[in-house]
Participant: 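Dumping the structure here so I can ask a few things about it.
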Amino acid sequence: MTAPKKKRGELEVPERFKLTIDHDLCKRCKRCVTECSYRAIAFLEGKIKPLGGCVACGRCVNMCPAHAIEVHQIPSQFPPHANFNERVRRAIMSQASTGGVLLTSCGTDIAYPVMFDEMLLDAAQVTNPSIDPLRETVETVAYLGGRKGRLEISDEGRIYLGGDPAPMVAMDMPIMIGHISLGSVSYNAQKALLMAAKELNILAGSGEGGLHPDFHPFADNVISEIASGRFGVTGESLKRTAGVEIKIGQGAKPGHGGHLPGEKVSALISQTRMIPLGTDALSPYPHHDIYSIEDLQQLISVVKESVEYKIPVGVKIAAVHNIGAIASGVVRAGADFITIDGFRGGTGSTPRIIRDHVGLPIEVAISVVDQRLTQEGLRNRVTVCAGGSIRSSADMVKAIALGADVIMTCTAALIAMGCRVCQQCHRGICSWGITTQREELVARLDPDVAAARVVRLFRSWNEELKEIMGAMGIDSVESLVGNRDRLRYFGPNSKIAEIMGVKHVGEGWG
Amino acid sequence: MSVDKDAFHEKKSSDLVEDAWAAVSRDGDVAIINADRRGPDGRPMHYRTLNALMRQIMLDEVKKIVVEGAMGQRYIASNASRKDLVVEIHGTPGNDLGAFLDGPTIEVFGNAQDLTGNTMNSGRIIIHGSAWDVTGLAARGGTIFIRDNTGYRVGIHMKEYCGQKPTIVVGGTAKDYLGEYMAGGIIVILNLNHELDTSPIGLSVGAGIHGGKIYLRGKVDQHQLGSGAIASPIADEDIPELEGFINDFEATFEIPVPRNWPDFMKIYPSSSRPFSGHYDPTCI
């Protein structure tokens with residue numbers, strides 16, 4: 001899918017980025033022309049010239065051997081108006097030309113307040129000792145699955161796991177690479193993510209569309225997904241993986257289905273999703289067998305029957321306004337884990353109106369769900385997994401302290417691989433070979449190199465997690481979960497703090 | 001990854017099945033389960049017990065499992081995958097009968113409830129009665145034969161892949177949203193228990209259809225069609241395919257089907273790309 005070419009003189013949306021070429025440095029090797037999948041640069045009349053349509057993906061800047069290219073954001077070409085701001089006017093102009101629903105990708109770029117940045121963590125001083133994580137054990141192993149078992153003692157004094165135990169999956173750090181489907185990203189990109197997950201001994205989501213046969217060796221590190229289109233879902237494929245997630249919603253597009261355009265349904269995607277070549281892959285907006293919590297319970301139960309109770313079965317929901325009650329229903333329906341996706345979460349394609357204006361920030365959603373489940377006596381039954389723009393280890397620590405057992409992140413892993421968050425994924429011509437199915441572009445991403453970068457990123461996050469836990473005097477990540485007393489709110493809106501169950505800065509423990 | 005899949009499996013099935021083997025009898029390579037055998041609480045066998053029993057039995061060399069006295073137990077034979085297996089059910093199975101089914105034949109002497117053949121991959125489900133809502137949801141292959149009627153949202157998002165073509169043949173009628181989001185496969189509505197001048201299907205039929213075909217015997221009005229669906233009389237080249245399904249239906253249920261081809265209509269997608277042009281990919 002490419003933007004329609006406009007004729008000169010037509011009303012057109014002004015360019016946002018300008019390429020500057022230093023012709024003294026330029027060796028005229030034309031590398032940039034080959035690298036630019038957006039055709040924003042050309043070799044004309046003996047010179048490299050920008051053609052317009054630059055999206056600031058940075059590929060040419062990175063690859064130019066002479067460091068002769070710079071990308072600049074063009075200052076606003078619009079007369080100033082704080083209300084009809086540039087963003088609004090660009091949307092109007094574009095839609096007046098195409099008459100379509102504006103598509104976009106990645107997480108929202110609107111500068112909504114980020115509560116992660118408005119919270120400060122506690123540290124141990126005098127009354128409780130801090131721990132040096134380099135010399136003492138700080139445990140970061142996390143578990144995904146139902147927590148329904150309990151230790152029981154038999155008449156003979158033997159201790160055993162009783163109750164109704166459910167299977168759990170252990171991972172070395174409380175990080176899960178979220179559901180990024182093959183289709184939204186390339187073969188090499190998904191391979192790199194799965195290789196990283198295996199190397200780190202963590203989990204990665206398959207995304208909708210099943211697991212490609214080549215990726216079966218990674219199945220023990222994969223949570224497979226049942227989304228509304230049921231693409232690639234077979235009983236065999238579910239059994240193979242470490243867990244199953246029923247996807248009800250996604251933070252970037254709550255209530256919206258999926259639409260993989262026919263252009264992206266290549267032979268590879270056709271094989272994985274089990275659909276004909278070149279047809280649109282439409283995921284219905286809802287699951288048509290789930291119109292209630294009772295219906296969800298049925299799907300959870302039938303999946304558990306189908307995987308013979310060997311692996312955890314969870315449910316992913318987008319963070320929406322009634323998230324507390326919905327989460328309670330999901331747990332009561334029998335989910336072993338519940339994944340909450342905040343509204344700043346990413347996507348490979350979504351209507352912009354939904355990405356930018358629907359849902360709840362993940363910080364609020366985590367604490368609301370944690371508090372609600374605790375009040376109802378359900379919290380100890382499930383694993384809560386939370387994502388939707390976890391950008392750093394600091395966000396991770398705060399998300400866990402707010403009440404998540406495991407955090408889920410996608411965009412950070414993609415940035416580690418080369419993504420610049422230019423928000424063009426839906427066009428399918430990613431110059432970094434990540435969100436594209438074009439062979440020549442996919443080949444640009446070396447799975448080994450990309451996987452190693454993701455591994456280093458998350459290892460460093462885990463080390464930072466240990467550092468901060470040590471400073472707080474906490475020796476196991478499980479003791480940090482829901483430990484909101486170690487957070488203080490340092491922002492403009494104390495009502496938010498009250499809802500999150502986080503005290504204001506300056507309030508002590510008493 | 002430290003998930004011990006087998007440890008849990010053994011624990012679950014041994015816990016559940018221990019006493020229940022008393023409900024199972026064997027006759028050569030046929031296993032018979034009395035699903036109405038009452039436990040100490042006076043209730044019929046729990047679905048988890050029934051399904052755990054069936055999974056254990058499937059590991060043996062049985063050719064056929066007969067479930068007698070089915071009392072609404074859900075998820076029967078879900079994810080069963082032995083191609084040569086026949087599951088015969090007497091009574092009323094519960095929802096999600098044969099979900100994710102991949103190979104076996106299930107024959108029900110009675111009515112089926114909702115979600116029969118949910119996301120089925122291959123195999124054959126025969127209902128000597130009616131099957132209610134959401135039958136064949138997202139089926140990718142296999143065949144579902146229903147002697148009488150079916151309910152709402154039947155055949156939603158059926159799709160075909162690599163020679164796999166899911167089929168639902170209904171002797172009677174169907175309700176609204178038949179074949180919604182349909183991406184492949186065939187639905188046949190034979191309307192045998194109805195007058196030909198009334199329509200055997202409800203409203204919003206084939207809404208968002210972008211693959212596959214619905215054949216029906218009787219009328220369909222424009223107002224019954226969902227967006228993206230077109231109806232027309234069948235063409236000559238449709239007859240061999242349709243007659244194949246009709247022959248199969250007659251052989252299965254021993255009910256004659258009139259073959260007056262002008263009585264048949266078909267509903268099909270106006271495009272395999274119904275939503276192209278809906279979006280503005282300009283990056284602003």
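These numbers come from a predicted model, not from an experiment.
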Participant: On the ring face of A:F231, is B:K159 found with NZ or CZ under 6.0 Å from the centre and within 45° of the axis?
Facilitator: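 Yes, B:K159 sits over the ring of A:F231.
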
Participant: Between A:Y285 and chain B, which part of the residue has a heavy atom less than 4.5 Å away: side chain, backbone, both or neither?
Facilitator: both

Participant: Which one wins on heavy-atom pair count under 4.5 Å against chain B: A:S301, A:S105, A:G99?
Facilitator: A:S301

Participant: Flag the one option from A:I226, A:V303, A:T234 with the top tally of heavy-atom pairs under 4.5 Å to chain B.
Facilitator: A:T234

Participant: Has the side chain of B:H157 got a donor or acceptor atom that lies under 3.5 Å from a matching backbone atom of A:S283?
Facilitator: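 Side chain of B:H157 to backbone of A:S283, a donor-acceptor pair under 3.5 Å: no, none is there.
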
Participant: Atom OH of residue position B:Y47 - does it have more than 12 heavy atoms of other residues, nucleotides or ligands inside 6.0 Å?
Facilitator: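 Correct, the count exceeds 12.
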
Participant: Between B:Y181 and A:H288, is the gap from one ring center to the other below 6.0 Å?
Facilitator: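 Aromatic pair counts; centres sit under 6.0 Å.
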
Participant: Roughly how far, to the nearest 0.5 Å, is the CG atom of A:D289 from the CG atom of B:N95?
Facilitator: 10.0 Å

Participant: Return the minimal non-hydrogen interatomic distance between B:Y161 and A:I275, and the atom names on each side.
Facilitator: CD1-N, 3.3 Å

Participant: If we define contacts as heavy-atom pairs under 4.5 Å, which of B:D96, B:N79, B:I156, B:N51 has the most with chain A?
Facilitator: B:N79

Participant: Shorter than 4.5 Å, heavy atoms on both sides: which option in A:L238, A:V233, A:L299 has the most such pairs with chain B?
Facilitator: A:V233

Participant: So for A:P14, is it side chain, backbone, both, or neither that comes closer than 4.5 Å to the heavy atoms of chain B?
Facilitator: neither

Participant: Test side chain to side chain contact (heavy atoms under 4.5 Å, CB included) on B:Y279 and A:T98 and set out the steps.
Facilitator: CA-CA 8 Å; B:Y279 294 111; A:T98 65; over 6 Å; no

Participant: From A:E305 CD over to B:L50 CG, what is the distance, rounded to the nearest 0.5 angstrom?
Facilitator: 9.0 Å

Participant: Provide the full list of salt bridge (charged side-chain N to carboxylate O under 4.0 Å, His left out) pairs with a residue in residues 132-141 of chain B, sequence neighbours left out, each pair given once.
Facilitator: none

Participant: Is the shortest side-chain heavy-atom distance between A:S306 and B:Y75 below 4.5 Å?
Facilitator: no

Participant: Write out, in numerical order, the residues from residues 114-123 of chain B with a heavy atom short of 4.5 Å from a heavy atom in chain A.
Facilitator: B:L115, B:N118, B:T119, B:N121

Participant: Any side-chain heavy atom of B:L137 within less than 4.5 Å of one from A:R230?
Facilitator: yes

Participant: Sort A:Q271 into side chain, backbone, both or neither according to what part of it lies under 4.5 angstrom from a heavy atom of chain B.
Facilitator: both

Participant: Where does A:S270 contact chain B at under 4.5 Å (heavy atoms): side chain, backbone, both or neither?
Facilitator: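 Both backbone and side chain of A:S270 come within 4.5 Å of chain B.
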
Participant: By a 4.5 Å heavy-atom criterion (distance strictly below it), what part of A:Q95 contacts chain B: side chain, backbone, both, or neither?
Facilitator: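 Looking at A:Q95, backbone and side chain both touch chain B.
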
Participant: Are any non-hydrogen side-chain atoms of B:R153 and A:Y291 less than 4.5 angstrom apart?
Facilitator: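 Yes. Closest side-chain heavy atoms under 4.5 Å.
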
